[in-house]
Amino acid sequence: MPPKTRAGVSKRAANTGKEDDGETVGGKRKAAAPVEFGKKQVNSEAPRYSHWLMKSEPESRFESGIDGKFGIEDLKALPDQTDCWDGVRNYQARNFMRQMKDGQLAFFYHSDCKEPGIAGIMKIVKEAYVDHTQFDKKDIHFDANSEPDNPKWSMVDVQYQRMLKRFFPLSELKKYHLQHRAKGGPLKDMALFTSARLSVQPLTPEEFDFILSLEDKEPL
DNA sequence: GCCAACGTTGGC
DNA sequence: GCCAACGTTGGC
């Protein structure tokens, strides 16, 4: 149930709902999109991603009197170690969740905390369905502009898989990213850096595998 | 349909 | 706490 990022609903949202289907993202801006996912695909089909990274804030931070903290330890502690990833209020992030398939893996990323970085791995165990919090007036993610017969926001269920053998700090990932950008390598276009604020991001298998391989390496 | 203003994210 | 980056809104 925890809202994973603070993404509140904009008070100024006066949405007609027209931006909400398909791959087109809310904004019309050409979005500095070094990765192709921002663009509308000419031949319809959205690219099929197989791996993901999802951000959540593991440390307490009160907003409207509500603590949105949710780290990987919180997920691990739940019954079935499973939870719904509610509270996403960004179209790009939502659209990625809608592409997620049962059984796919996602990194659990800790954001907005002392040590941001990747903490562990989870699995998608339920594909996108209606995020109920958009209709709950008392929920911090309530969206007055979303109509029950045409809900704007979706969520997926995720299940804890395991912690990484060691934590991968953002700072370390960034060093690799910069190296790879200069000389080539799997992390050269990683969304964590090219679309830094996106809370749900796709990873290529190469990115995913490379990051996993760091488990057996010394911290850079 | 452009774009300035506003609000949020999230690293530092 | 600061503030750069950038998505979203809404005036024109």
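No hydrogens, no waters, no symmetry mates; every other heavy atom, side chains included, goes into these values. Here is how names work: the chains are called A, B, and so on, in the same order as the sequence lines, proteins then strands, and each is numbered from 1.
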### Message
Ignoring hydrogens and geometry beyond distance, is a side-chain donor-acceptor pair present between Thr194(A) and Arg181(A) at under 3.5 Å?
### Response
no

Just the rounded figure in Å: distance from [atom2] of [N] to [atom1] of [X].
X	N	atom1	atom2	result
Arg89(A)	dG7(C)	CZ	P	19 Å
Leu170(A)	dC12(B)	CG	C1'	10 Å
Lys114(A)	dG10(B)	NZ	P	18 Å
Gln201(A)	dC6(C)	CD	P	13 Å
Gln92(A)	dT8(B)	CD	C1'	15 Å
Tyr91(A)	dG7(C)	OH	C1'	11 Å
Leu173(A)	dC12(B)	CG	P	11 Å
Glu172(A)	dC12(B)	CD	P	14 Å

## Note on the structure
Between the CZ atom in Phe135(A) and the NZ atom in Lys152(A), the distance rounded to the nearest 0.5 Å is 10.0 Å

### Query
How about Trp153(A) and Tyr129(A): are their ring centroids closer than 6.0 Å?
no

### Query
Do Phe168(A) and Phe107(A) have ring centres separated by under 6.0 Å?
no

#### Entry: Test side-chain hydrogen bond (donor to acceptor under 3.5 Å, both in side chains) applied to Arg166(A) and Glu215(A), Glu172(A), Glu218(A), the passing residue
Glu172(A)

### Message
For a quick check of understanding: with a heavy-atom distance under 4.0 Å over all strands, which category does Tyr109(A) fall into, base, sugar-phosphate or nothing?
### Response
sugar-phosphate

Please list, pair by pair, any protein nitrogen or oxygen found under 3.5 Å from a nitrogen or oxygen in nucleotides 2-5 of chain C.
from, atom 1, to, atom 2, distance (Å)
dA5(C), N3, Arg197(A), NH1, 3.4

### Task
Determine the sole option in Ile211(A), Ile72(A), Leu214(A), Ile118(A) for which the side-chain contact (heavy atoms from CB on, under 4.5 Å) test with Leu164(A) is passed.
Ile118(A)

